Amino acid sequence: MTTDELIALSNKYIMSTYKRFPIVLVRGSGARVWDSNGKEYLDFVAGIAVCSLGHSHPKVVEAIKKQVEILTHVSNLYHMEPQILYARQLMENSFAHKAFFCNSGAEANEAAIKLARKYAYENTGKGKYELITMKDSFHGRTMATVTATGQTKFQVGFAPLLEGFKYVPFDNISALSDAITDKTCGVMLEPIQGEGGVKIPDDKYLSEVRRICDEKGILMILDEIQVGMGRTGTLFAYEHYKVKPDIVTLAKAVGNGFPIGVMMATDRVASAFQPGSHASTFGGNPLAMAAALATLETIMNDGILENVRKVGAYFIKRLHEMKNKSSIIKDIRGRGLIIGIEISIEGSQIVNACMDRGLLINCVGGNVLRFVPPLTITEKDVNAAVAILGEVIMDK
Ligand SMILES: *Cc1c(COP(=O)(O)O)cnc(C)c1O
């Protein structure tokens, strides 16, 4: 089929929940993808921070191939070795003691919301169910997570939303403190707001959130779905801030493209879930867990975190050089390999021009160009991306 025929069928048969770019991607390898016309792109979207080891990383491919022939799926009514091995690795490398597995970010956050309510219910009785989340946050598209998301543009048309959510400005400790009542069971936030425009809070913010949560006896829930699994240069973003949260959610990069969600917590909090409290048919199945284990082992053993810190710093340095010569760049924000450039014009024209020249990036919040490339990229890849971006931006 020709590209035009494929796109026509896509528009005919698939609900238009996405405004898609007019290309069909057919193959990927490392930081590169190819479309149906054979055109090559440097991929600084990486499935939106999903393919962190690059497309078709050989160790993940091998692990999936091996596992699919042994055991693809059995019910969580039974124990399974890949799930146990992955859970052990993940717990040994994090603050948490216990994990719950599901299939997406929204589901992981749903599980976190349920656990926070159940924990409060078990420990303080009824009536303590309210969660505080941040303005401009993003937590997913299910009814509970779209309610948790502090952006009305995602909520219009879906009323009535879930009861028991309150929003406060991000990176504002007194607003958070003032919003807590005897109904509050926890606060849920992203350590860095991804969809909200790559917003990085003050260095002390997360430790102050921790202090307030301890003072008021409420849970600190971090949504690390976008920034976890090495994206910021440490395995988890909370490590930068020297805090221990109570619950963390993960998804995007966990399986390097295999759909997986994780909700993990301390023993104390996790004990509020008992058999029957929560479940997922597919969650943590052997195939998913084999992909996750290969991904985590590669991140920990193949110098990935070091590469993120080194190449991330180099990328930001190159962007600052560009900023000095450009009139449209207002701000550059980043940590490791999640980087945003705030510009003074509509971002989509930049995104489209980059795509024409063979660089995939995307735009959040209208005017923030976001870069979430594979964590395996080289300085040479950065140079190639900066050359294209520079051409496009200097044109404006
Ligand atoms: C992507 C994302 C989600 C939602 O994940 P899905 O897998 O699309 O449900 C939630 N929170 C954050 C911070 C995200 O970046």
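When a ligand or atom number is given, it counts from 1 through the structure's own listing order. Just so it is clear, the model here is predicted, and its values are computed rather than measured.
- For ligand 1, the atoms lying closer than 4.0 Å to a non-hydrogen atom of E190 are 13 (C).
- In summary, E122 and K118 engage in a salt bridge, as defined by a charged side-chain N under 4.0 Å from a carboxylate O.
- At a threshold of 4.5 Å between non-hydrogen side-chain atoms, the residues E107 and S280 count as touching.
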Please list, one pair per line, the donor and acceptor atoms closer than 3.5 Å that link side chains of residues 144-163 to other protein atoms, with sequence neighbours excluded.
residue	atom	partner	partner atom	Å
T145	OG1	R141	N	3.2
T145	OG1	T142	N	3.0
T145	OG1	T142	O	3.4
T145	OG1	T142	OG1	2.7
T147	OG1	M143	O	2.6
T147	OG1	L162	N	3.2
T149	OG1	H139	N	2.8
T149	OG1	T145	O	2.8
Q151	NE2	S137	O	3.0
Q155	NE2	V146	O	2.9
Q155	NE2	T147	O	3.4
Q155	NE2	T149	O	2.8

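- Looking at L250, D223, V372, it is D223 that brings a heavy atom closest to atom 13 (C) of ligand 1.
- Under a 4.0 Å criterion applied to the non-hydrogen atoms of N109, ligand 1 contributes the atoms 10 (C), 11 (N).
- Between T232 and I192 there is a side-chain heavy-atom pair separated by less than 4.5 Å.
- Although no hydrogens or angles enter the test, the distance criterion places no donor-acceptor pair under 3.5 Å between the side chain of D246 and the main chain of I221.
- With Q274 contributing its side chain and S271 its backbone, the two residues share a donor-acceptor pair below 3.5 Å.
- Atoms of ligand 1 found under 4.0 Å from any heavy atom of A106, numbered from 1 in the order shown, are 4 (C), 5 (O), 6 (P), 9 (O).
- Using a 4.5 Å cut-off on side-chain heavy atoms (C-beta onward), M263 and I247 make contact.
- Distances between N or O atoms of K252 and those of ligand 1 include at least one value under 3.5 Å.
- Of the protein's heavy atoms, none falls inside 4.0 Å of atom 8 (O) of ligand 1.
- Ligand 1 has an N or O atom lying under 3.5 Å from an N or O atom of G105, backbone or side chain.
- Considering backbone and side-chain atoms together, Q226 places an N or O closer than 3.5 Å to an N or O of ligand 1.
- Distances between N or O atoms of F138 and those of ligand 1 include at least one value under 3.5 Å.
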